[in-house]
Every structure is written in structure tokens, then in C-alpha cells.
Amino acid sequence: MTVRVGILGATGAVGQRFIQLLDDHPTFDLAAVTASEASAGKTYREAAKWRVDTPIPDDVAEMEVVETDPKAVPDDVDLLFSSLPSDVAAAVEPPFLEAGYVVSSNSSNDRMAEDVPLTIPEINPDHLGLIDVQRDERGWDGALVKNPNCSTITMVPTLAALDRFGLDRAHIATLQAVSGAGYSGVTSMEIIDNAIPHIGGEEEKMETESRKLLGSFDGAEVTLHGVDVAASCNRIPTLDGHLENVFAELAEDPSPEAVREAMRDQPAADLPSSPDQLIKVFDDSEPDRPQPRLDRTYADGMGIVAGGVRTTTKGVKYNCLAHNTIRGAAGASILNGELLAEEGWI
Ligand code: NAP
């Protein structure tokens, strides 16, 4: 079945990744691109300052960019991906939901709302059941689903794998790429020869979103996981790929090999964009991996890479990595869209 899709905020950094990833998608057919009033009426080629490493697909280059308004998007578009600034998304997503569109959104507004599924298809696909609650409470014909923040999605699959050993506490230090701040987010004068030990709002997102993602859904509400998460976020001068150092406290006392096996066994999803193996794990013979430049394109940027698993007095420490604008943004929304289609929500 072909699903006609649109992108809200298609000209931005994440919007461009959507266009790249949707080119040649087996079931999603791009039918609408929106942006701000300043871009509306232009062709996509005129409106977007294209910075992705493959050319703009020819058919998209000539598409007209329309306003981010339900009246401007064709009615027969089944699914919208949203990559708007979160304050804009908070204002414009509700009218699309009222108009009956299903929205798979990358923006941070409403991620922690009790009736909004925050979903990673390989980890908590059952949380999509919140859509029924959402429709009852909000009276929307459409549906809103969110994917997590890029630094959260990098570590949560590894924490899910550790949960079988009794996950009590996770402390994380991040080394995050500049693309996570958008093109105008960090100037070269700030970041070259430097590291910035603060990313506004990022620590709170990691600490709250992870507990919702790992939480249990009983058909009516999500109970947050009891794990205590503390994050410290750092911006470093890499282009793409967030690297994270995780210190996990566990009820049990697994060996590093048992932890590596648990991560390797974390199931993938049977969806077009899900990697065959969700978490690739380096063993002791390569203690200096994963690295952003070498490992961010694992599984076309849709996989998680872990390594450096060592024991501590209270559990384990290890490193994990994911591509922040693919698995951490556009790719995550597309995967949620594939899950919505697979489970009949569209
Ligand atoms: P961006 O490059 O600034 O792009 C923003 C997009 O929204 C553009 O298409 C822009 O259109 C459009 N837009 C801006 N104001 C608008 C308005 N008032 N009405 C309608 N459209 C408007 O931002 P980004 O880096 O792609 O980030 C998009 C979202 O993804 C943000 O919520 C961000 O937090 C989230 N995110 C980003 C990353 C990342 O790695 N960059 C990762 C995870 C999540 P014009 O071109 O016409 O201005």
C-alpha cells in the first residue's frame, strides 16, 4: 500500500534529511512540503539552502513549498512528518490533528504529555495504544506521535537491554555533534578548539523521556520506569553522531560478556527502515570504538553502536553512539510512520 506523506518544516536541517531518506522509500510517496510564509510559493530548490550530501531528488526540487496550514496541504495526504521549531509545532500541529491528519513529529513539544505516545518502534511499540486515549480526550480525528530527543534515543535501546539485569540508575555524559544544534545553532568561533559543557534543555529531556520510553502501558496510561537518570550534556566539534558514556547501576551483577550479549539480543523491528541488528556491540579487542566518524553510518545511520563495556563496583559502564539527524531525528520519525502504517493507524 502506498502512503502519501508530507513534511512540515521541509526546508530545515531535519526536513532535508526527511527528503533524503524518503527518496526511494518502498511505501511512502512524498506529496507535500511546507515551510514558513517566507518560503511558501517558491519551488523547493529555491526555498531550501540544501546541505545534505546527496542531490535534491529531481521531483522534489520542482515541488511548490506551501504554507504550514491544513488548508494548504492536500486532503489525500495520509501522514505528515513534522520538523518544525518546537514553539511553532506547538501552535500548528493541533490544527492539523483537528483536520484529521496523522502526525509523526520530531519536535519536542508534547513529548511528555500523558496522552501522546513517545515511541521507538523497537522498544515500546505498544505505547501507540495511547492514540485511542488521545482521540477520546482531545476530540482529534488525527493522531500525534512523537519520537524522542536525539541524545535520548542514542542510549535508551542500550538501557532497555540492561533492564533484564534490574536497571536502577543510569548516569550519562554526552559528547554531542554540532549538527544537533541546527545550522545556525553553534558558531565556528564558539566550537572550534573547544567543548561546551551545556546544551539548553537537553539534560531534562534525557532524564524524563527515557523513563517514559522504558515505562509500561496498561491500555490507559504509561507508568514511568523507576530508573534514576542523570545526564550531563556537552557539545563537541564533531559534525554528526552523538557519543555517550553511560554508567549503569544494576540489581544483578552481569559480566561484560553477558551485557554485550543482552545488547546484541535487543530485538529489531520488522519495518522497512529498521536495521537487521539494532545494537552493534564492539568487544574487548576494540576498546576505542564506537567513534563518531567511523561508526555513525552503521545500518545507514539507523543503528545504535556500543562498546567499551566494563564492570564497576555497582554495575557497568560503556559507550554508545547514534547518528543524531538520522536515527536521532528524521529516521526516527519515519520509523514511527512505518509503525503507524503497519499497525493500521493510517
Ligand atoms: P531548522 O533548520 O531551523 O528548520 C526549521 C523548519 O521550520 C524550516 O523548514 C522553516 O522554514 C520552518 N519554519 C520556521 N518557522 C516557521 C513558521 N513560523 N511557520 C512555518 N514553518 C516554519 O530546524 P531543524 O534543525 O531542522 O530542527 C527542526 C526540529 O527538529 C526542532 O524542533 C528541533 O529541536 C528538532 N530536532 C533537531 C535535531 C537536529 O539534529 N538538528 C535533532 C532532533 C530534533 P523556512 O525555511 O521557511 O524558515
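Whatever order the structure lists ligands and atoms in, that order sets their numbers, starting from 1.
Nearest heavy atoms, His127 versus Gly215: NE2-O, 3.1 Å.
Under 4.0 Å from any atom of ligand 1, one finds heavy atoms of residues Gly9, Ala10, Thr11, Gly12, Ala13, Val14, Ala35, Ser36, Ser39, Thr68, Ser83, Leu84, Pro85, Ser86, Val88, Asn106, Ser107, Cys150, Ser179, Gly180, Gly182, Asn324, Thr325, Gly328, Ala329.
Scanning for salt bridge (charged side-chain N to carboxylate O under 4.0 Å, His left out) contacts around Glu249 gives Arg169, with sequence neighbours left out. For the salt bridge (charged side-chain N to carboxylate O under 4.0 Å, His left out) test, no residue two or more places apart in sequence or in another chain qualifies with Glu207. Asp295 meets the salt bridge (charged side-chain N to carboxylate O under 4.0 Å, His left out) test with Arg289; sequence neighbours excluded.
A salt bridge links Glu122 with Arg327: the closest approach of a Lys/Arg side-chain nitrogen to an acidic carboxylate oxygen falls below 4.0 angstrom. In summary, Glu209 and Lys212 do not engage in a salt bridge, as defined by a charged side-chain N under 4.0 Å from a carboxylate O.
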